[in-house]
Undergrad: 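One structure is given below, represented as structure tokens, and several questions about it will come after.
Side-chain atoms are counted along with the backbone in the values below, which use heavy atoms only and exclude waters and symmetry mates. Letters A, B, ... are given to chains in the order of the sequence lines, protein chains preceding strands, and every chain is numbered from 1.
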Protein chains: 2
Amino acid sequence: MPLPARERAFITTIPESFALNILHLIAGKFNKSSVEHRKNAVTIKDIAQQLKMAPSTVSRALRGSRDINPATRLLVQQVAEELRYTPNPIALSLKEKRSKIIGVIVPEIANNFCAATIGGIEDYAYRKGYHVVIFQSHEEYEREVQNVRLLTLRRIDGLIISLANNTRQFGHLEGLPAPVVMFDRVHDGIAGPRVVVDDCAGAFNGVTHLLSQGCRNIAILSMAPWLSTSQKRLQGYRDALAAHGIPVNEDLIVQSCETEQAIQQLFDGTVRPDALFFSMERLALMSLRVLKRLGLRIPEDVAVAGFSDNPASDLFSPALTTIRQPTFEIGQRAAELLIDQIEGTAVGAETVQLSTILDIRSSSLKK
Amino acid sequence: MPLPARERAFITTIPESFALNILHLIAGKFNKSSVEHRKNAVTIKDIAQQLKMAPSTVSRALRGSRDINPATRLLVQQVAEELRYTPNPIALSLKEKRSKIIGVIVPEIANNFCAATIGGIEDYAYRKGYHVVIFQSHEEYEREVQNVRLLTLRRIDGLIISLANNTRQFGHLEGLPAPVVMFDRVHDGIAGPRVVVDDCAGAFNGVTHLLSQGCRNIAILSMAPWLSTSQKRLQGYRDALAAHGIPVNEDLIVQSCETEQAIQQLFDGTVRPDALFFSMERLALMSLRVLKRLGLRIPEDVAVAGFSDNPASDLFSPALTTIRQPTFEIGQRAAELLIDQIEGTAVGAETVQLSTILDIRSSSLKK
DNA sequence: CTGAAAGCGCTAACAC
DNA sequence: GTGTTAGCGCTTTCAG
């Protein structure tokens with residue numbers, strides 16, 4: 001099999017390196033193709049050799065050190081460019097103990113809130129010269145732990161995380177060798193800055209709106225009751241009812257991971273809800289589907305509203321009233337807080353709280 | 001004058017050669033505090049010291065080499081565990097010239113198709129012991145190029161990519177030091193395996209369905225005409241019309257990035273369409289919004305169908321007829337093809353073609 | 001100003 | 001079997 005010109009050149013110029021590879025082949029450490037793909041990257045040494053100077057000098061020239069002859073510097077830069085030298089970030093990481101990478105762990109990338117937030121994180125991080133690597137916990141504690149470990153091993157410079165649904169222990173987030181910023185689903189037991197929205201106020205506004213439409217039996221849906229968001233949104237719900245002098249019917253508070261059944265049961269109970277308030281995006285589609293299946297009309301029979309960042313909410317049948325979050329900004333702020341910590345410019349363990357946006361649409365307009 | 005080191009990845013608008021230059025000039029001194037977070041992780045050396053043996057012995061013991069006294073091995077393992085030793089993947093990458101990381105570049109994570117596909121990639125990759133790092137091109141060529149460069153520098157073991165909307169040159173994908181697998185939006189000029197769906201057949205089926213509903217003036221919407229998917233889906237459209245002996249009206253073929261206006265203009269033309277067929281997910285929501293604004297009823301005035309993997313399609317008003325793709329499997333297969341190449345077990349430059357699924361819903365049912 | 005040398009953590013060829 | 005040594009690419013003392 002004829003090798004491409006480039007690879008042939010590589011073999012003839014650097015025979016020792018090739019020999020080394022061959023040895024690996026024999027040892028079975030590398031298989032054939034994994035070697036074929038790797039090109040001989042030019043290193044600082046190659047430049048030094050060509051210029052007949054020490055690698056350290058080249059390094060200095062390239063890094064713009066003060067202690068260097070401008071002439072040499074120029075020369076080095078020229079050759080570096082000629083040889084298309086690119087620094088090896090791995091070697092750098094090893095030496096400097098940092099990677100210029102920040103890790104993000106979210107429950108599900110497919111969740112509109114998460115996807116949009118990541119956009120904001122990337123935006124800020126890239127501007128600051130950091131890569132962003134994204135992991136999904138798929139709402140599973142074990143996966144989350146595993147991801148944190150992986151990331152730590154890779155010597156990421158920092159971590160941004162929104163907790164999985166069923167994360168109830170937090171040891172994996174303590175004593176980490178890198179700073180952590182939490183957003184959305186946070187845990188008070190863990191120190192460090194965080195970015196959240198005013199979940200309580202968001203829910204309060206949403207529920208108040210439903211009350212203004214004449215709803216009196218408002219059911220609230222959430223999944224894991226231990227999530228910070230669930231708790232605060234539930235509080236907002238309670239507050240709104242209290243503000244209207246309406247007693248809370250605990251039967252209308254659904255906290256279950258078997259949501260589909262739970263919703264159905266709601267309508268078999270003694271008090272049939274006249275409104276559904278969901279506190280998680282995942283519950284939005286589910287609620288609508290269940291109501292549809294039960295043959296209930298929205299909003300005539302049941303008004304519907306809740307937290308969701310689905311960009312198609314206005315196209316639903318009927319258009320869905322939602323509480324949106326400033327996703328992009330949440331991401332940006334989280335990245336900012338993290339990088340401030342990484343680079344030591346952090347003021348303290350700040351908590352950033354942003355506001356939600358209530359988009360009223362027909363699913364909650366009784367008339 | 002020197003910029004902080006963290007800014008260096010972002011000088012993209014200036015010529016590449018110049019950027020290379022700058023890149024080193026500005027690599028400033030590393031902030032002390034950023035290292036403060038780092039704990040001095042225990043290394044293979046620490047274990048060796050404690051056990052009064054050579055690091056290489058420890059290495060062998062830990063890697064389960066054959067040439068080692070079972071007793072020593074056990075001892076080493078015990079101490080390793082005691083000291084909570086974790087291997088440093090960076091050092092490994094530097095030595096072995098591979099990272100056990102595969103890179104994924106998609107246009108937008110927020111796109112349902114992309115998010116779901118990534119799920120499949122992760123699933124397979126993780127099972128094979130690879131990490132997946134995700135990048136977004138945000139449909140921009142420059143960003144795509146930049147991502148590829150970044151990934152290459154990081155010595156990723158392989159790349160999975162779906163091209164950006166406006167990528168029309170492909171130099172950045174040629175001669176890469178790692179294998180590449182393309183999916184969805186591919187380019188024939190680039191060698192290597194790929195995973196696609198039968199776009200042509202998918203469009204054919206969709207359009208045929210619209211024809212069966214009595215539609216005769218079916219408009220087709222796409223964005224960049226040079227995308228592989230656009231082309232094949234358009235071909236399916238033409239084929240379906242041809243199969244029914246219906247002449248193609250070129251005015252009904254919209255290929256524009258100003259889609260919103262373009263759709264509107266369609267309805268000002270001499271031939272008013274009685275159906276809209278969109279060939280990209282992004283166009284789905286847009287089409288529905290424009291039609292709504294124009295006061296057109298779906299499907300009575302205009303039937304609507306097209307490619308989309310939006311999981312809420314059934315909840316739209318009206319429920320949206322879609323051509324879905326086997327997203328999870330696409331991801332799995334792409335990862336499989338890539339890892340086969342990385343590990344040298346690839347059979348050849350395979351092309352995997354999967355089938356689409358037509359979900360007929362009310363948006364296209366004329367009666 | 002520049003070169004030589006050490007070392008980041010790890011593996012592997014080569015002794016003994 | 002195990003120790004010694006070299007080296008992946010780069011930065012950084014420490015001498016000149």
Undergrad: Respond yes when some side-chain nitrogen or oxygen of A/S56 is under 4.0 Å from OP1 or OP2 of D/dT12, and no when none is.
TA: no
Undergrad: At less than 4.0 Å, is any side-chain N or O atom of A/R63 found next to OP1 or OP2 of D/dT12? Yes or no.
TA: yes
Undergrad: In whole angstroms, how far is the P atom of C/dA13 from the CD atom of B/E96?
TA: 11 Å
Undergrad: Taking A/D157 for the side chain and A/S99 for the main chain, is one N or O donor matched with an acceptor at less than 3.5 Å?
TA: yes
Undergrad: Of all the choices, D/dT2, C/dT2, C/dG9, which nucleotide is nearest to the side chain of B/T43 once you look at every atom?
TA: C/dG9
Undergrad: At under 4.0 Å between heavy atoms, what does A/D67 touch on the DNA or RNA strands: base, sugar-phosphate, or nothing?
TA: base
Undergrad: Over how many whole Å does the gap from B/L94 atom CG to C/dG7 atom P extend?
TA: 17 Å
Undergrad: State the CG-CG distance between A/L163 and A/L173, to the nearest 0.5 angstrom.
TA: 6.5 Å
Undergrad: Is the phosphate of C/dG3, meaning OP1 or OP2, less than 4.0 Å from a side-chain N or O of A/K52?
TA: no
Undergrad: Round to the nearest Å and state the distance from B/I47 atom CD1 to D/dG3 atom P.
TA: 14 Å
Undergrad: On the side chain of A/R155, is there an atom forming a donor-acceptor pair with the base of C/dG9 - under 3.5 Å, no angle test?
TA: no
Undergrad: Strictly below 4.0 Å: does B/K95 bring a side-chain N or O up to OP1 or OP2 of D/dA6?
TA: no
Undergrad: Less than 4.5 Å apart, side chain to side chain, heavy atoms only: is that true for A/V76 and A/Y85?
TA: no
Undergrad: Between C/dG9, D/dC10, C/dG3, which nucleotide gets closest to the side-chain atoms of A/A54?
TA: C/dG3
Undergrad: Would you indicate, yes or no, if C/dT2 has its OP1 or OP2 atom less than 4.0 angstrom from a side-chain nitrogen or oxygen of A/T72?
TA: yes
Undergrad: Does a side-chain heavy-atom distance below 4.5 Å link B/K100 with B/P89?
TA: no
Undergrad: So if I take every side-chain heavy atom of A/P87 and compare against D/dC8, D/dC10, D/dT12, which nucleotide ends up nearest?
TA: D/dC10
Undergrad: Under the criterion side chain to side chain contact (heavy atoms under 4.5 Å, CB included), which of B/V180, B/I160, B/L150, B/N147 is the partner of B/I105?
TA: B/N147
Undergrad: For the side chain of B/R66 and the base of D/dG1, is some donor closer than 3.5 Å to an acceptor across the two?
TA: no
Undergrad: Looking at A/S59, does any N or O in its side chain come under 4.0 Å of the phosphate oxygens OP1/OP2 on D/dC10?
TA: no
Undergrad: How long is the line joining CZ of A/R73 and C1' of C/dT2, in whole Å?
TA: 14 Å
Undergrad: Kindly point out which of D/dT2, C/dT2, D/dT11 is positioned nearest to the side chain of A/T57?
TA: C/dT2
Undergrad: Counting heavy atoms from C-beta on, name the nucleotide in C/dG9, D/dC10, D/dT2 closest to the side chain of A/A91.
TA: D/dC10
Undergrad: Taking only the side-chain nitrogens and oxygens of B/R60, find out if one of them lies under 4.0 Å from OP1 or OP2 of C/dC10.
TA: no
